[in-house]
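Shown next, in structure tokens, is the structure this report addresses.
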Amino acid sequence: MEIVPEKVLVTREIPEAGLRPLEDFDVTVLFERPPERGELLEAAQRVDGVLSTLTEKIDAEFMNAAGDNLKVVANMAVGYDNVDLHAANERGVVVTNTPDVLDETTADTAFMLLLAAARRLGEGERIVRAGRWEAWGPKMLLGPDVWGKKLGILGFGRIGQAVARRARGFDMEILYAGRSPKEEAEKEFGARYLELDDLLQECDFLSIHTPLTEETTHLIDAEELERMKPEAVLVNTSRGPVVNEAALAEALAEKRIFAAGLDVYEEEPEVHPKLLELENVVLAPHIGSASFETRDKMAAMAGEDLRAVLRGEQPKNPVNQ
Ligand code: NAP
């Protein structure tokens with residue numbers, strides 16, 4: 001009897017390392033760009049497994065389009081807010097993610113934004129490129145020191161702690177807020193646990209590393225921004241909706257905080273128009289984990305977990321069941 005290979009949908013072009021584990025399957029790779037919703041639903045028909053990225057909404061409608069064959073959604077990201085876990089559980093679909101391998105790279109991105117926002121790199125670059133730089137200036141582009149300051153980390157998990165490791169090299173004091181104190185990490189980093197309101201009042205830099213959930217949506221809103229110091233810098237590399245972008249734009253425009261560094265936005269790839277006009281915000285296009293090495297590892301991890309489920313084996317990184 002002829003063996004028909006399982007159908008696998010890969011929703012975006014991904015590094016080769018992610019396709020290698022899928023060689024035995026009937027694989028369709030969609031585009032470099034995010035697929036339109038209609039294209040995605042059409043491509044989902046009768047697939048057994050999906051390797052998705054954060055630009056695709058993998059919800060009940062998608063799973064219905066795929067039908068009963070669907071066994072696994074391997075999301076090539078550590079965050080899985082784009083996948084409806086409830087719908088997956090109802091249908092017995094295994095969902096996997098790619099934790100750990102992107103911690104250091106994403107922490108590098110957070111620190112890059114922190115330094116760039118504090119020391120006004122974006123503004124300086126725009127001046128140089130526009131031919132507006134006239135001379136070294138004793139009062140030109142001054143910003144707050146980073147070293148020796150207080151870093152507040154909201155969400156002291158894998159990436160939050162990788163940021164703390166970097167901050168130690170800058171002699172920073174580590175404060176953190178989250179759902180619960182973390183004794184081991186406190187010992188490792190000499191970190192102090194605070195309620196969010198106290199953290200906001202005390203820190204010079206705020207770096208956000210929670211997942212996006214119902215509870216964390218607009219966790220940083222106008223009221224929270226109001227508590228921050230006027231010289232404070234906010235960095236968000238988690239997910240856009242954790243911060244109320246309109247409230248942030250207003251706080252930055254009115255100089256109620258000094259600056260911000262953002263990698264993520266509420267309606268990607270849209271950016272709040274007010275943010276685009278401001279000098280005191282550094283805007284990155286969601287490149288938190290975008291290193292050659294890390295994207296290879298994320299792709300391989302997702303591909304291997306997808307294969308494991310289709311082969312009836314235990315995946316390494318399930319997020320449900
Ligand atoms: P993690 O290890 O699970 O850490 C998340 C931390 O957030 C945990 O300490 C968790 O507390 C805390 N947390 C959860 N809900 C909270 C709440 N309601 N209030 C306060 N704290 C809360 O996750 P991770 O691997 O560090 O990744 C964090 C997030 O970063 C991901 O979910 C993803 O969205 C984002 N990310 C973005 C990029 C990018 O490209 N910009 C790259 C990678 C990841 P507990 O310890 O109590 O659970």
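Nothing here was measured: the structure is a model prediction, and the numbers come from that model. Counting starts at 1 for both ligands and their atoms, in listed order.
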Can you find an N/O atom of [X] closer than 3.5 Å to an N/O atom of ligand 1?
{"X": "T237", "value": "yes"}
{"X": "R158", "value": "yes"}
{"X": "G157", "value": "yes"}
{"X": "R179", "value": "yes"}

Minimum-distance protein heavy atom relative to [atom]:
{"atom": "atom 18 (N) of ligand 1", "answer": "T216 CG2, 3.4 Å"}
{"atom": "atom 20 (C) of ligand 1", "answer": "G178 CA, 3.7 Å"}
{"atom": "atom 12 (C) of ligand 1", "answer": "G155 CA, 3.9 Å"}
{"atom": "atom 39 (C) of ligand 1", "answer": "H286 NE2, 3.5 Å"}

Does one side chain, of [X] or [Y], offer a donor that lies under 3.5 Å from an acceptor on the other?
{"X": "R91", "Y": "N64", "value": "yes"}
{"X": "E266", "Y": "H272", "value": "no"}
{"X": "N320", "Y": "N89", "value": "yes"}
{"X": "E223", "Y": "H218", "value": "no"}
{"X": "T109", "Y": "D263", "value": "no"}

With a cutoff of 4.0 Å, is [X] in contact with ligand 1, counting heavy atoms of the residue only?
{"X": "T213", "answer": "no"}
{"X": "K182", "answer": "yes"}
{"X": "L212", "answer": "no"}

- Item | Interatomic spacing from CD in E13 to OG1 in T53 - rounded to 0.5 Å |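 It comes to 12.0 Å.
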- Task: Provide the closest heavy-atom pair for M172 versus F205 in the form atom of the first, atom of the second, distance.
- Result: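 Nearest pair, atom of M172 first, then F205: CE-CD1, 3.7 Å.
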Heavy atoms only: which of [options] is nearest to [atom]?
{"atom": "atom 32 (O) of ligand 1", "options": "A107, A77, P99, P211", "value": "P211"}
{"atom": "atom 30 (O) of ligand 1", "options": "D100, V242, I159", "value": "I159"}
{"atom": "atom 35 (C) of ligand 1", "options": "G79, S238, G240", "value": "S238"}

- Which word best sums up how the rings of F170 and F111 line up, parallel for under 30°, tilted for 30 to 60°, or perpendicular for over 60°?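 Ring orientation, 0 to 90° scale: tilted.
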- Item | Sub-4.5 Å side-chain heavy-atom contact between K149 and P144 |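 Answer yes - side chains close enough.
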